[in-house]
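The block underneath contains the structure these notes are about, expressed in structure tokens.
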There are 2 protein chains.
Amino acid sequence: MKEPNSPDSPLAELCRQRGLKLTGQRRTIAFVLSDSDDHPDVEELYRRAVEVDPRISIATVYRTVRLFEENGILQRRDFGGGRARYEVADGDQGDHYHLIDADSGRVIEFENTELDSLLAGIVRQMGYDLVTTRLSVVGRPKAKGGTRD
Amino acid sequence: MKEPNSPDSPLAELCRQRGLKLTGQRRTIAFVLSDSDDHPDVEELYRRAVEVDPRISIATVYRTVRLFEENGILQRRDFGGGRARYEVADGDQGDHYHLIDADSGRVIEFENTELDSLLAGIVRQMGYDLVTTRLSVVGRPKAKGGTRD
DNA sequence: TTGCAAATGATAATCTTTCTCATTATTGGG
DNA sequence: CCCAATAATGAGAAAGATTATCATTTGCAA
Ligand SMILES: [Mn+2]
Ligand SMILES: [Mn+2]
Ligand SMILES: [Zn+2]
Ligand SMILES: [Zn+2]
């Protein structure tokens, strides 16, 4: 009765590597996260998870997301709006930042090594080692070439 | 019976300039804010306001802080921890940023024009005009001169 | 001084997240 | 394959922050 199941998602693999018990729900949530390339909040993750396993509970989504974050698997983001949002954690090197379109609310990611090192340098100069950078910028689309829309 | 009252605080003055009705409570909260040079949350503001006027309500502090923020008098900050924190809004030019000491939680302000223009340049290059920068860094004090504690 | 619109105080409601606890599932070792 | 130990889950209660409601009070302009 041990059919070769669909292979675990990258995040489920990570989950096992960290020695976390790999439950069906965690597998589901890990899959949903691996499958996402945006910044869903818990409600949205729950909606996506229910598509895969209708018996999952939102309490478990909250718990799992916290567990994954504590284990460096997920990153919590705060774009305002009162709910935490999540995405798969960046690798060891490239952190990334977020530009929020003031009109549409769309989140646009960017990287910038000059920004990385400038920030690190500033805090070093203040006598600290940089632990976390929490940065997001809000911008309004430049009106170029006249005022037509 | 109209004794020359103690002069209004800078923020109360701003309040009047914006055409906001200047109530006793707003005067009190404006005074408390003008008097603060840290980043109090609403509970803390309420505590300080009660010292001045014991009849003030926390609902009014919430309302006033929101009103002041909507009118550009206050800036809301989010340092994590689930409660909004407030400080008098910067003038037109120099925005400032925050370094949070990971050990003590202390908030240290800093300015950096290179950072200002780098951020503005990045978002411009992405086709946007910078509206708001939300930036705080968490740092751990550098252990210098050996590993002794 | 009066009147009216707006603000206040008290408290209920809302919203997100965490906690509780009885039930269920995972996993390592027989 | 089965058991026991242990941890995770589901449902709902609870917590914590903020906003809404509404009767009463107040600021302010006429
Ligand atoms: Mn927040
Ligand atoms: Mn500078
Ligand atoms: Zn991202
Ligand atoms: Zn500040």
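Residue numbers begin at 1 in each chain, while the letters A, B, ... track the order of the sequences.
Partners of B/Gln25 under the side-chain contact (heavy atoms from CB on, under 4.5 Å) rule, at least two apart in sequence or in another chain, are B/Thr23, B/Ile56, B/Thr60.
Contact check for A/Asp90 versus A/His96: side-chain heavy atoms found under the 4.5 Å cut-off. Using a 4.5 Å cut-off on side-chain heavy atoms (C-beta onward), B/Thr113 and B/Asp116 make contact. Between B/Gln75 and B/Asp95, some side-chain heavy-atom pair lies under the 4.5 Å cut-off. A 4.5 Å side-chain heavy-atom check between A/Lys21 and A/Arg26 finds at least one atom pair inside the cut-off. Residues A/Arg77 and A/Val107 form no side-chain contact, since every pair of their non-hydrogen atoms from C-beta on lies 4.5 Å or further apart. Side chains of B/Arg85 and B/Asp38 form no contact here, defined as non-hydrogen atoms less than 4.5 Å apart.
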Contacts under 3.5 Å, N or O only, protein and nucleotides 18-24 of chain C:
{"residue": "C/dT20", "atom": "O4", "partner": "A/Arg63", "partner atom": "NH1", "Å": "3.4"}

Under 3.5 Å, which N/O atoms of the protein pair with N/O atoms of nucleotides 2-4 of chain C?
none

Please report, to 0.1 Å, the donor-acceptor pairs under 3.5 Å made by any side chain of residues 126-139 of chain B, with sequence neighbours excluded.
{"residue": "B/Tyr128", "atom": "OH", "partner": "A/Asp101", "partner atom": "OD2", "Å": "2.8"}
{"residue": "B/Arg134", "atom": "NH2", "partner": "A/Phe79", "partner atom": "O", "Å": "3.3"}

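Between A/Arg85 atom CZ and C/dT17 atom C1' the separation is 17 Å, expressed in whole Å. Taking atom CZ of residue B/Arg83 and atom P of nucleotide C/dT17, one finds them 16 Å apart after rounding to whole Å.
Less than 4.0 Å separates DNA chain C from at least one heavy atom of each of the following residues of residues 15-35 of chain B: B/Lys21, B/Thr23, B/Gln25, B/Arg26. In the region residues 44-56 of chain B, proximity to DNA chain D at under 4.0 angstrom, judged on heavy atoms, holds for none of the residues.
A salt bridge does not link A/Glu51 with A/Arg47: none of the charged nitrogens is closer than 4.0 Å to a carboxylate oxygen.
Atoms CZ and CD, on B/Arg27 and B/Glu13 in that order, are 9.5 Å from each other to the nearest 0.5 Å.
If you chain together hydrophobic residues whose side chains sit under 4.5 Å apart, A/Leu67 and A/Phe31 fall into the same group.
Ring pair A/His98/A/His39 is perpendicular by interplanar angle, where above 60° counts as perpendicular and below 30° as parallel.
Distances shorter than 4.0 Å separate some side-chain N or O of A/Thr60 from OP1 or OP2 on D/dG10.
Within the 3.5 Å criterion, the main-chain N or O of A/Asn71 finds a donor-acceptor partner in the side chain of A/Arg18.
For A/Ser57, counting side-chain heavy atoms from C-beta on, the closest listed nucleotide (D/dG16, D/dG10, C/dT8) is D/dG10.
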